Amino acid sequence: MSSYEHLLSPIQIGKTTVKNRVFMPPISTNLANKGYVTDELVAHYAARAKGGVGLIVTEVTTVEPTYVYLPGDMSICDDSYIEGWKKLTDAVHQYGTKILPQLFHPAYMAFPIPGTPQLIAPSTVGPYYAKEAPRAVTIEELKVIIRQFGEAAYRVKQAGGDGVEIHAAHAHGLLGGFLSPLYNKRTDAYGGDIHGRLRLTLEVIAEVRRMCGEDFIIDVRISGDEYTDGAQNLNDAIYVAKQLEKAGVDFLHVSGGTTIMRGSSIPAPGTPMGSHAHVGEEIRKHVSIPVATVGRIIEPWFADELIANGKADICMIGRANLCDPEFVNKAQAGREDEIRPCIGCLRCLNGIMFGKRVACTVNPSLELENEDTIQPAAQKKKVLVIGGGAAGMEAAFVAKQRGHEVVLCEKQDTLGGLVKIAAVPIAKQELIKVIQYMEHKLERAGVEVRTGCAVTKEMLAGEFAGYEVIAGTGALPLVLPAFTGFKHCVTADDILAGKAFAGRKVVVVGGGSVGCETADYLAPLINDLFPKNREIVLLEMAEGIMLQESGPGRSLLVQRMMKKGVEMHCKAKVERVEADKIYYTQNGETYCIDDADTLVLAMGYRPDSAVEEMLKESGVTYHLIGDAQQIGNIKDAITQGYQVAKEL
């Protein structure tokens, strides 16, 4: 028996038995085609069903044709969608997994496709999210929308679906907006106190039950607390949960936060697992139907603990199942070290709003052919991988999987490359798991790994003659010689690698991710004016900091720096540096910092070209990957390593 006896035990949901308590919550994929189920969507969800998930709640599925949530949304707004949904439900059911679409009306959060009419909302409130004020939906329109929810649910039943999830959380979409005082300012029967704000959701539930009968699962996603002044709170949510149970809901999917308060509904990397478990636990005390919790549940031991300790009945595990579709099977078999680790980076959703398909940093391909199903190479080669960072480790693994003879050489004593340094700042510790996972993967695949081994020309001409070379030799920090005259000038990498130690007053030049993470790392954990606290000044030439990042991780990092008293100056250009002075201009004025004792350079990276020059001189066939090819992030590095090795 698996050690996760609580997590992997069956559970009764209404009249349906689900084989375990690992449910997959909605994660947008953009794999639909004008709302229709595609073969890619079928394969995507079938892979998670095959991987052992007990129940899948699909991504947003719209119930009417006018408003689109995302460019690649799913829909079930008329009967023409039933055929595709039948393919999807059949594919998932063959593995004993249940499936529910998440029914949704985007309302004021609809995608602004040209020709879309003015967006609707509970009230004319739109400054938090919408680009222009929406109009308040009328009661007559609500009657139509309620019917559309019921008809959509009935089509799901016709297609063989096991039920539906009704999205009423996060002050998001029509129902979530009606529930939240942030958006609902109505004075009619659908506004005012909690009874009025809940009315629309209850009427939708009643219509779905009327259309679909008692043997059809209805779950509702709610925010246990919106974590915002003037918004829905835990007391409200407990009462809402009781009313939903009375209305015949079969289980509750308790989330938290809102989509407009970054980092509240979808937790940022480095935040504790089970980010909404505390509100779910409290709600669970007041209802008798099962309660699912959600929010950064990425390890099986923790999910099992949540259930064993009475925090929840069900764990919604989304990004971890996206990252590794075999998450459940591997946990059940005791192969936890083979689970591909989700690092919470949210790059899976980075391009969703722009029509890009779902992706993953640690899983370089979500296609039918991926690193787990890679096809053998027609011609076997001898392959030398130089560099044991993320790109090199991925390339070595994939090349070996394809049947090539592979040797990986890393000049340092350990694998990981710049990922080891990237894991040092606050909230970045999950990156350590990536290194461990990739090392274990190389070992299981039988890749010959040589650490402390710098490849030379002589080795290329001798031992490795005839080898095709993949070079993932990383990057070096940009260092301007004009700045190095300062009495203690170091790079951010030096600080994070422990090669240098910062003094009491530190100036960080560069407000990108590395500069901000280093400033956060060096700043006092609490801004209490303690005499020995460091003072951190960050100088950035651009108009803002971390302009290439937009997720909740960025938001929490900036908030931490502000709380810690990090002094941030944008549009600030360092003009010259002396041994004990740093001069910068901002808005036409020149300023001098004359009391700093450490200057930290975080101005970006450049490819390390030394190995490429050696490869050129040696006349070998080679491929550059990762930062050696172009400066990027860990997702770029792993993806390039995968792609190059896949095409060898």
Side-chain angles (χ1 to χ4, degrees), residues 323-324 338 340-343 345 347-348 359-367 369-377 380-412 414-423 431-451 453 455 464 467-475 605 607-609 611-612 615 620-648:
C323 186
D324 194 333
E338 295 181 33
R340 190 180 286 108
C342 170
I343 59 175
C345 64
R347 295 198 185 277
C348 48
C360 177
T361 289
V362 187
N363 187 343
S365 175
L366 301 179
E367 312 292 331
E369 184 182 3
N370 52 61
E371 66 172 24
D372 296 326
T373 61
I374 197 85
Q375 297 300 307
K380 304 300 187 286
K381 299 179 179 180
K382 292 183 176 182
V383 178
L384 170 65
V385 178
I386 304 177
M393 287 194 284
E394 180 66 23
F397 172 76
V398 173
K400 183 68 174 180
Q401 288 290 89
R402 299 195 65 222
H404 299 303
E405 181 183 324
V406 182
V407 179
L408 184 151
C409 293
E410 164 57 47
K411 65 181 179 181
Q412 301 295 328
T414 57
L415 298 176
L418 286 177
V419 179
K420 291 184 293 186
I421 295 175
L431 291 176
I432 293 297
K433 298 178 187 176
V434 177
I435 299 173
Q436 291 176 321
Y437 165 76
M438 296 185 88
E439 280 188 297
H440 292 152
K441 189 166 69 169
L442 292 175
E443 185 179 342
R444 287 194 306 272
V447 174
E448 181 182 344
V449 176
R450 303 181 191 178
T451 54
C453 177
V455 175
F464 295 119
Y467 278 66
E468 194 158 336
V469 178
I470 300 175
T473 47
Y605 294 86
D608 184 354
S609 59
V611 170
E612 184 182 9
L615 295 172
V620 301
T621 301
Y622 69 91
H623 312 267
L624 297 180
I625 57 173
D627 286 342
Q629 196 269 328
Q630 183 176 357
I631 303 301
N633 54 43
I634 185 173
K635 178 180 181 298
D636 299 328
I638 292 176
T639 300
Q640 286 174 18
Y642 168 80
Q643 291 292 351
V644 167
K646 179 177 179 249
E647 293 164 9
L648 274 185

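Since the model is a prediction, treat every value here as computed from it, not as a measurement. Scope of the values below: all heavy atoms of this structure, side chains included, with no hydrogens, waters or symmetry mates.
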Query raised in the report: Rounded to the nearest 0.5 Å, what separation is found between the CD atom of Q630 and the CG atom of D636?
Result: 7.5 Å
Query raised in the report: Of the non-hydrogen atoms in K646 and I374, which two are nearest, and what is the gap between them?
Result: CG-CD1, 3.7 Å
**Report entry** Atom NZ of K382 with >12 non-hydrogen neighbours under 6.0 angstrom
**Finding:** no
Query raised in the report: Looking at E394, E338, Q436, Q401, which hits side-chain hydrogen bond (donor to acceptor under 3.5 Å, both in side chains) with K441?
Result: E394
Query raised in the report: Above 12 or not: heavy atoms from other molecules or residues under 6.0 Å from CD of E369?
Result: yes
Query raised in the report: Roughly how far, to the nearest 0.5 Å, is CD of E405 from CG of L384?
Result: 11.0 Å
Query - Trace of the side chain to side chain contact (heavy atoms under 4.5 Å, CB included) decision for V406 with V385 - result: CA-CA 7 Å; V406 182; V385 178; 4.2 Å; yes
Query raised in the report: Is atom NZ of K411 surrounded by more than 12 heavy atoms (other residues, nucleotides or ligands) closer than 6.0 Å?
Result: no
Query - Basic-acidic side-chain contact under 4.0 Å: R340, E371 - result: yes
Report task. Return the minimal non-hydrogen interatomic distance between G641 and I625, and the atom names on each side. Result -> CA-CD1, 4.0 Å
Query raised in the report: Which value, rounded to the nearest 0.5 Å, describes the distance between D608 atom CG and L418 atom CG?
Result: 10.0 Å
Query raised in the report: If every non-hydrogen atom of T361 is compared with every non-hydrogen atom of C345, which pair is closest and at what distance?
Result: OG1-SG, 3.2 Å
**Report entry** Nearest non-hydrogen partners of A475 and D627, listed with the distance
**Finding:** CB-CB, 3.7 Å
Query raised in the report: Just by modelled atom types, is the Q375 backbone N or O under 3.5 Å from a matching donor or acceptor in the R402 side chain?
Result: yes
Requested in this report: Evaluate the side-chain proximity of L648 to H404: yes if any heavy-atom separation is below 4.5 Å, no if none is.
Outcome: yes
Query raised in the report: Under 3.5 Å, is there a donor-acceptor pair between the H623 and E468 side chains?
Result: yes
